[in-house]
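Read the structure below first, then the notes.
In what follows, chains carry the letters A, B, and so on, assigned in the order in which the sequence lines appear, proteins first and then strands, with residues in each chain numbered from 1. Just so it is clear, the values below take in all heavy atoms, side chains as well, and ignore hydrogens, waters and symmetry mates.
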Protein chains: 2
Amino acid sequence: MSETAVPSEPIRGRRGVSDTSTLHEDLVSEIRTLVIEGDLEPGAKIPERVLCERFGVSRTPLREALKTLASEGLLELLPRRGVRVARLTEEDVDQMFPIMGALEALLGELACAHLTEEQFAEIQALHYQMVLHFTRRELAPYFRVNQQIHEKILEAAANPLLLQMYGNLAGRIRRARYVANMSGDRWSQAIKEHEEMLAALSRRDGPALADVLRRHLRNKCETVKSYLRSGT
Amino acid sequence: MSETAVPSEPIRGRRGVSDTSTLHEDLVSEIRTLVIEGDLEPGAKIPERVLCERFGVSRTPLREALKTLASEGLLELLPRRGVRVARLTEEDVDQMFPIMGALEALLGELACAHLTEEQFAEIQALHYQMVLHFTRRELAPYFRVNQQIHEKILEAAANPLLLQMYGNLAGRIRRARYVANMSGDRWSQAIKEHEEMLAALSRRDGPALADVLRRHLRNKCETVKSYLRSGT
DNA sequence: TCGGTCAAAAATGTATACAAAAAATATAAG
DNA sequence: CTTATATTTTTTGTATACATTTTTGACCGA
């Protein structure tokens, strides 16, 4: 993770003509990606100047973006001593887990209630694709498709606010999820859970789906926590 | 709600010596109160200049505060045309209700699991106080104590993140709750629900508490929605 | 070598300045 | 009188400037 990474071509140059986006949103979303993808270490201090140079903007809009991200819980504001990437503690995960569980349970109900045949078919297709990646032990593509499946389910729930709130929590642990390598056992267990999810979805069995999602989440959570305990 | 309300004594003057707070936090919290208490109409545009003068600060910190509040969902950012107080639509409430329900169910479980005898006694005391206000038909004090009870329960759950997330959602509808006047029936129903809550709490019966909280919430929700339909 | 003090450097917090866009007002035409 | 257009005024978005505070590190003495 070299300090002199690519200066991420000035944000302003990139923006098209029919410009519905704003500099603020762009900055928020760019920096959010940096944090989630792990380009910025948790706990690392973020001098405003380096991000200013990286994105080619002045401190004013940059600071506004930082405030927004802090409000999302991705950054931490240390008055008079800058901003740092929020560190995910085991305590945080313990607080987040039951909340995500509650949201997933709701998600299961809503998704089953609203899922169309088309959506189910899409999810099914993604599922088989994911299983394929699993059998080939292709971790990155597996994660990508996995992510897509969860997004499809969230989408089916037809509740944008739920999507946003869940997404926010998921974003805060995503980094850890990427790094945490799954043991073989956990991985096949995850696949089994996905099979159950698909079955529950096809039966439109909300409570069953909620239950699977909950167990699935608990395992993800344990994986993250054991990663936190080892690495930090 | 006069436009020329008290200029809210410049924020900076108020801040004490042993100053752990920051201007940013103060501004966020002051403006948040303005929105929640209804001093700023939903849908109203907020010219930066008037808030700058009101609080005696320049645009830079003010704008940072606005960005934070927008991220909380209390304000809406309209690029190039300012900021306005988020309007609560019936659709919003429909999305928020199931989420708050899920969180309250969790809340019930956690509160029962962690509630101490002391905490229970406190809640019980507040409850009787609330019933007193009800019998006297004192709406404002009733709401205040009601609020305190819910806060105590949230506190007992011992999950700060849950508290924060729930508080955020509650804040977004609080304004409507204040204005919406409860019919006599609804009010006594609410009291009955509170009796049940207390009973469930004393038995430490999580599922029962979750159930009461859910029904209680559904009623609050209906009150809010009928208010939205009538007034706008 | 290890602290400790003080000065220099850098970073943050806030205010102001300037450019560009939107809103308001005035003006003209029908 | 209404509608359309031009012009002024406001307001927003961004950059820069300045005031404090924090951090760094040089220097000194034990």
Does A:Arg49 have any salt bridge (charged side-chain N to carboxylate O under 4.0 Å, His left out) partners at least two apart in sequence or in another chain, and if so, which?
A:Glu53
Among residues at least two apart in sequence or on other chains, which ones pass ring-ring contact (aromatic ring centres under 6.0 Å, His included) with B:His216?
B:His150, B:His194
Mind listing the N/O atom pairs, protein and nucleotides 8-12 of chain D, below 3.5 Å?
unit_1, atom_1, unit_2, atom_2, d
D:dT11, OP2, B:Arg49, NE, 3.1
D:dT12, OP2, B:Glu48, N, 3.4
D:dT12, O2, B:Arg80, NH1, 3.4

How would you list all residue pairs meeting side-chain hydrogen bond (donor to acceptor under 3.5 Å, both in side chains) that involve residues 94-108 of chain B, not counting sequence neighbours?
B:Asp94-B:Lys225, B:Glu104-B:Tyr166
What is the distance, rounded to the nearest whole Å, between atom CD of A:Glu25 and atom P of D:dG13?
11 Å
Could you tell me the separation between the CG atom of A:Leu62 and the P atom of C:dA11, rounded to a whole number of Å?
14 Å
Tell me, please, which residues at least two apart from A:His127 pass ring-ring contact (aromatic ring centres under 6.0 Å, His included).
none
Separation of atom CG in A:Leu66 from atom C1' in C:dG13, rounded to whole Å:
13 Å
Polar side chain donor-acceptor pair, A:Ser29 to A:Asp26, under 3.5 angstrom:
no
How would you list, by chain and number, every residue that makes a salt bridge (charged side-chain N to carboxylate O under 4.0 Å, His left out) with A:Glu155, sequence neighbours excluded?
none
Looking at B:Ser58, I'd like to know whether one of its side-chain N or O atoms comes within less than 4.0 Å of OP1 or OP2 on C:dA15.
yes
Report the distance from atom NZ of A:Lys67 to atom C1' of C:dG13, rounded to the nearest whole Å.
8 Å
When the distance from CD of B:Glu64 to P of D:dT14 is rounded to whole Å, what number comes out?
13 Å
Could you tell me the separation between the CG atom of A:Asp26 and the P atom of D:dG13, rounded to a whole number of Å?
14 Å
